[in-house]
Structures are given as structure tokens and as C-alpha cells.
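Input: a single structure, listed below in C-alpha cells.
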Amino acid sequence: MKIVVIKGSPHKNGSSNMLAGQFIKGASEKGHKIVELDAAHMNINPCIGCDFCGMNGDCSQKDDVVQIKEALLSADMAVFVTPVYYFGMSAQLKAVIDRFYSYTTRLSSKHLKTALIAAAWDSNDDVMPYLAEHYKKLCRYMNFTDTGMILGTGCGSPAMTSGSIHMQEAYQLGKSL
Ligand SMILES: Cc1cc2nc3c(=O)[nH]c(=O)nc-3n(C[C@H](O)[C@H](O)[C@H](O)COP(=O)(O)O)c2cc1C
């Protein structure tokens, strides 16, 4: 499979990207082709709701979204990688998703496999359900098939994350594909 990993953390070597690295290791060992896109360090503007695209056409904004769009429209799987910010995804990743607007029909007709990889500081049960529900709803709306969620609670810093069980979980998810 061609797997596009979209990273939404400003920390290049931070916790969510560490978990993504483990996923990539496992998936690469199985022979999958990985394309990594660091959305947090690309030039990606928020959707401005101008409706120039009519939900299925060219976007009025000319920025790096075109790379993401081309990668996803030729992919078999997408992986959404994010730190937890106020119980949701980062603005960097949300901007990528909002910009699906101009190619929602084309993307949803691909029936992509997807996964979610998230890192949060807190380790209690009341951190991840909100992000997880949002992701699950997105899957239903976009005809994505979820292959797994790595909900990295207690992954608040690289030191915390490196000793976390979620590193192994992320590796196993990649390896299971
Ligand atoms: C703006 C902001 C909001 C955050 N909100 C939460 C939160 O709601 N719950 C939580 O457990 N951690 C929260 N954190 C902590 C990060 O999720 C945590 O440090 C994570 O490891 C960062 O991942 P990264 O290194 O991949 O960016 C927040 C951090 C920032 C900067």
C-alpha cells in the first residue's frame, strides 16, 4: 500500500512524531511505501469558506495543500498524526482536514484506510474520547475505514513517550497492515 502520513505537530522530534516513527517502522518492514508530509512545517492556510471550489473543484488558495491533495488522491491509506490540543487535534492538522473541502467527493470515493496517532500529556481517561469521536465521525463522513487509533496518553514529552507502551502499540499497528 501507499501510506501517506500527515504530521500535525510543531515539534519535529516530539511525541506524536515519535509514535508515528514507530508506526512507519512497522509498516515499512511489511513493505509498504510511506510518504511523510509534515503539515506543521508546510505552507497551509486555513479554509476561508469562499466556496470558489463548490466543494469539488480548484481551491482559490495556492499553497502547499496541493502536495497533500495529490498524495492522498493517489494513496491507499492516510495516517493523521497530532498532539492533543485542548482535547482535539492541532490547528495545523485541522487546517489540512478543512481543506479537504475542495476535493471531498474525490477523496471520499477512494475509500481510504486510515489511522489516528495522537499524543497527550495527561494519562487519564478523559483526554482522548473527544478527539477519537471526531476522528470516527470523519471516517464515517469521508468513507474512511479506520485501521486503528494510537491514543498516546501520558506522552507529554519525548522522555515520557519513549518509555510508553504506546510506542510498541504504534509499531504493531504498522506491522499489522
Ligand atoms: C496548546 C496546547 C494545548 C494542549 N492541550 C492538551 C490537552 O488538552 N490535554 C493534554 O493532555 N495535553 C495537552 N497539551 C500537551 C500536549 O498534547 C503534549 O505535550 C504532547 O506531547 C505534544 O505532542 P508533540 O510533541 O507531538 O507536539 C497541550 C499542549 C499545547 C501546546
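Residues take their numbers from the sequence shown, with the count starting at 1. Order of appearance sets the numbers: ligands from 1, and atoms from 1 within every ligand.
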Subject >> Pairwise ring pair (Phe, Tyr, Trp, His ring centres under 6.0 Å) hits with a residue in residues 89-115, at least two apart >> reply: Phe100-Tyr103
Original post:
Ion pair present between Lys25 and Glu29, side-chain N to carboxylate O less than 4.0 angstrom?
Top reply: yes
Original post:
Less than 4.0 Å between a side-chain N and a carboxylate O, is that true for Lys136 and Asp146?
Top reply: no
Subject >> Enclosure of Asp125 CG (heavy-atom neighbours >12, cutoff 6.0 Å) >> reply: no
Subject >> Atom CG of Leu73: over 12 foreign heavy atoms under 6.0 Å >> reply: yes
Original post:
Is the Phe144 ring parallel, tilted or perpendicular to the Phe80 ring (thresholds 30°, 60°)?
Top reply: tilted
Which N/O atoms of ligand 1 sit under 3.5 Å from a protein N/O, and at what distances?
{"unit_1": "ligand 1", "atom_1": "5 (N)", "unit_2": "Val84", "atom_2": "O", "d": "3.3"}
{"unit_1": "ligand 1", "atom_1": "5 (N)", "unit_2": "Tyr86", "atom_2": "N", "d": "2.9"}
{"unit_1": "ligand 1", "atom_1": "8 (O)", "unit_2": "Tyr86", "atom_2": "N", "d": "3.1"}
{"unit_1": "ligand 1", "atom_1": "8 (O)", "unit_2": "Phe87", "atom_2": "N", "d": "3.2"}
{"unit_1": "ligand 1", "atom_1": "11 (O)", "unit_2": "Trp121", "atom_2": "N", "d": "3.1"}
{"unit_1": "ligand 1", "atom_1": "11 (O)", "unit_2": "Asp122", "atom_2": "N", "d": "2.8"}
{"unit_1": "ligand 1", "atom_1": "12 (N)", "unit_2": "Trp121", "atom_2": "N", "d": "3.3"}
{"unit_1": "ligand 1", "atom_1": "14 (N)", "unit_2": "Val84", "atom_2": "O", "d": "3.3"}
{"unit_1": "ligand 1", "atom_1": "17 (O)", "unit_2": "Val84", "atom_2": "O", "d": "2.7"}
{"unit_1": "ligand 1", "atom_1": "17 (O)", "unit_2": "Ala119", "atom_2": "O", "d": "3.3"}
{"unit_1": "ligand 1", "atom_1": "19 (O)", "unit_2": "Gly156", "atom_2": "O", "d": "3.0"}
{"unit_1": "ligand 1", "atom_1": "21 (O)", "unit_2": "Cys155", "atom_2": "O", "d": "2.5"}
{"unit_1": "ligand 1", "atom_1": "21 (O)", "unit_2": "Gly156", "atom_2": "O", "d": "3.4"}
{"unit_1": "ligand 1", "atom_1": "25 (O)", "unit_2": "His11", "atom_2": "ND1", "d": "3.0"}
{"unit_1": "ligand 1", "atom_1": "25 (O)", "unit_2": "Ser15", "atom_2": "N", "d": "2.9"}
{"unit_1": "ligand 1", "atom_1": "26 (O)", "unit_2": "Ser9", "atom_2": "OG", "d": "3.3"}
{"unit_1": "ligand 1", "atom_1": "26 (O)", "unit_2": "Ser15", "atom_2": "N", "d": "3.4"}
{"unit_1": "ligand 1", "atom_1": "26 (O)", "unit_2": "Ser16", "atom_2": "N", "d": "2.8"}
{"unit_1": "ligand 1", "atom_1": "26 (O)", "unit_2": "Ser16", "atom_2": "OG", "d": "2.6"}
{"unit_1": "ligand 1", "atom_1": "27 (O)", "unit_2": "Ser9", "atom_2": "OG", "d": "2.6"}
{"unit_1": "ligand 1", "atom_1": "27 (O)", "unit_2": "His11", "atom_2": "ND1", "d": "2.8"}

